[in-house]
There are 2 protein chains.
Amino acid sequence: MKLTSLADYAVVMMAAAARHGPGARLNATMLADETGVPLPTAQKLVGRLASAGLLASARGAGGGFQLLKAASEITLADIIEAVEGPIAMTACAETARHDCALERNCQVKPHMSAVSGAVRGALASVSLATLSQGEPA
Amino acid sequence: MKLTSLADYAVVMMAAAARHGPGARLNATMLADETGVPLPTAQKLVGRLASAGLLASARGAGGGFQLLKAASEITLADIIEAVEGPIAMTACAETARHDCALERNCQVKPHMSAVSGAVRGALASVSLATLSQGEPA
DNA sequence: GGCAATCGGAACGAATCAGTCCGATTAGCT
DNA sequence: AGCTAATCGGACTGATTCGTTCCGATTGCC
């Protein structure tokens with residue numbers, strides 16, 4: 001019940017990116033330096049964040065990334081889903097996934113989708129704008 | 001951001017146990033049969049649940065387990081923590097864990113403990129009594 | 001047209017997870 | 001009281017996923 005190191009790194013990197021302002025040009029090297037995330041790992045992460053639609057990527061010399069949405073419009077849930085995949089407590093909570101051997105008599109399954117939604121809601125209530133600021137209220 | 005198979009199994013087994021009523025004597029074999037969880041795995045799980053204080057164990061012939069608390073007093077968070085360990089989004093959210101290389105300049109850390117609390121709250125709001133019943137409202 | 005810089009995907013090693021097996025403990029029967 | 005049978009408890013093995021690293025593909029600049 002904790003997120004992976006990659007997701008953790010991604011959150012830190014996105015927060016660093018948000019502090020550069022909305023339209024700033026960024027690259028993986030810059031973010032790695034600022035956050036302390038190893039460069040190859042940072043490259044992998046920005047790639048995932050870009051393919052999830054959170055960052056716009058430009059290749060070649062002078063390329064890089066920039067945020068596609070305002071920091072207040074990006075939530076913690078968005079970042080985690082971009083790196084880890086859908087937020088679902090159990091496999092059976094995802095639609096079109098029915099490979100659970102217990103599914104036949106499972107009395108718990110009807111509740112799991114609601115639970116997943118609640119957890120996702122808790123994560124979606126935290127915006128990147130909040131995370132990029134220093135101390136909480 | 002999803003729980004492990006073991007935690008999933010543990011929830012299903014605890015729900016099955018709750019349906020047997022408060023003081024019923026149970027054993028790993030019985031729960032494995034009812035839920036479909038493989039017996040050796042079920043044994044491992046009831047052991048962890050017992051050492052976490054959710055079940056009382058009795059060894060020897062005629063031994064077994066029983067719930068230590070009412071189903072309404074046991075939450076999903078309790079079960080998950082018994083199997084997976086503390087619910088904390090990041091390592092730095094746990095007190096006395098300071099082995100994060102990013103901690104030096106981490107602007108996100110101050111928020112993580114609040115986020116972990118919110119997720120835990122979402123899981124703690126679901127009681128075993130609810131899970132042991134069939135359909136949600 | 002060549003060069004340098006940056007993204008993108010593929011491959012490797014490590015850690016954790018899921019599952020299995022065997023020993024320790026205790027009640028019940030003879 | 002001793003033995004047997006049944007059950008919990010911890011140790012071991014294989015598999016999957018995670019985390020990291022490296023190399024190739026693409027594009028702007030000189």
Side-chain angles (χ1 to χ4, degrees), chain A residues 1-13 17 24-33 35-66 68 80 82-86 88 90-91 99-102, chain B residues 1-13 17 24-33 35-66 68 80 82-86 88 90-91 99-102:
Chain A
M1 207 53 227
K2 64 180 176 181
L3 39 82
T4 62
S5 298
L6 288 183
D8 191 2
Y9 289 169
V11 172
V12 175
M13 290 176 62
R25 291 294 193 288
L26 310 159
N27 58 40
T29 305
M30 184 188 311
L31 290 176
D33 284 344
T35 59
V37 175
L39 176 58
T41 300
Q43 290 180 341
K44 185 188 191 70
L45 286 173
V46 290
R48 287 198 197 179
L49 292 167
S51 53
L54 297 179
L55 295 175
S57 66
R59 304 180 67 154
F65 299 92
Q66 65 176 348
L68 269 178
I80 293 174
V83 176
E84 293 193 351
T90 58
D99 50 354
C100 173
L102 285 59
Chain B
M1 207 52 225
K2 65 180 179 183
L3 39 82
T4 62
S5 298
L6 288 184
D8 190 3
Y9 290 168
V11 173
V12 174
M13 290 176 62
R25 292 293 193 288
L26 310 159
N27 59 39
T29 305
M30 183 187 312
L31 290 176
D33 284 344
T35 58
V37 174
L39 177 57
T41 300
Q43 290 179 342
K44 186 187 192 69
L45 285 173
V46 289
R48 287 197 198 180
L49 292 167
S51 53
L54 296 179
L55 296 175
S57 66
R59 304 180 65 154
F65 299 92
Q66 64 176 350
L68 270 178
I80 293 174
V83 176
E84 293 193 352
T90 58
D99 50 354
C100 174
L102 285 59

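Owing to the predicted nature of the structure, the values given are computational and were not obtained by experimental measurement. In what follows, chains carry the letters A, B, and so on, assigned in the order in which the sequence lines appear, proteins first and then strands, with residues in each chain numbered from 1. All heavy atoms count here, side chains included; hydrogens, waters and symmetry mates do not.
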Trainee: Extract all donor-acceptor atom pairs below 3.5 Å that involve side chains of residues 38-45 of chain B and protein atoms in other chains or at least two apart in sequence.
Mentor:
none

Trainee: Find the distance B/L6:CG to C/dT20:P and express it as a whole number of Å.
Mentor: 12 Å
Trainee: Just so I know, are the side chains of B/L6 and B/R48 near enough to count as touching, which here means a heavy-atom distance under 4.5 Å?
Mentor: yes
Trainee: Can you tell me how far P of C/dA18 sits from CG of B/L39, to the nearest Å?
Mentor: 18 Å
Trainee: Under 4.0 Å between a side-chain N or O of B/T4 and OP1 or OP2 of C/dC17?
Mentor: no
Trainee: Where along nucleotides 6-17 of chain D does protein come under 4.0 Å, by heavy atom, of base (B) or sugar-phosphate alone (S), with - for untouched nucleotides?
Mentor: BBBB-B------
Trainee: Who are the side-chain hydrogen bond (donor to acceptor under 3.5 Å, both in side chains) partners of B/S51, not counting sequence neighbours?
Mentor: none
Trainee: Quickly work out the A/L45 CG to C/dT6 P distance and round it to whole Å.
Mentor: 18 Å
Trainee: Quick check on C/dG19: is either OP1 or OP2 less than 4.0 Å from any side-chain nitrogen or oxygen of B/T41?
Mentor: yes
Trainee: Between C1' on C/dC17 and CD1 on B/I80, what's the gap in Å once rounded to a whole number?
Mentor: 16 Å
Trainee: Of all residues at least two apart in sequence or in a different chain, which pass the side-chain contact (heavy atoms from CB on, under 4.5 Å) check with B/S57?
Mentor: B/A50, B/F65
Trainee: For D/dT20, does either OP1 or OP2 sit under 4.0 Å from a side-chain N or O belonging to A/Y9?
Mentor: yes
Trainee: List the residues meeting side-chain contact (heavy atoms from CB on, under 4.5 Å) with B/L68, not counting sequence neighbours, and say none if there are none.
Mentor: B/A56
Trainee: Residues in side-chain hydrogen bond (donor to acceptor under 3.5 Å, both in side chains) with A/T29, at least two apart?
Mentor: none
Trainee: What is the separation between atom CZ on A/R25 and atom P on D/dG28, rounded to the nearest whole Å?
Mentor: 12 Å
Trainee: Report the distance from atom CG of A/D8 to atom C1' of D/dC18, rounded to the nearest whole Å.
Mentor: 14 Å
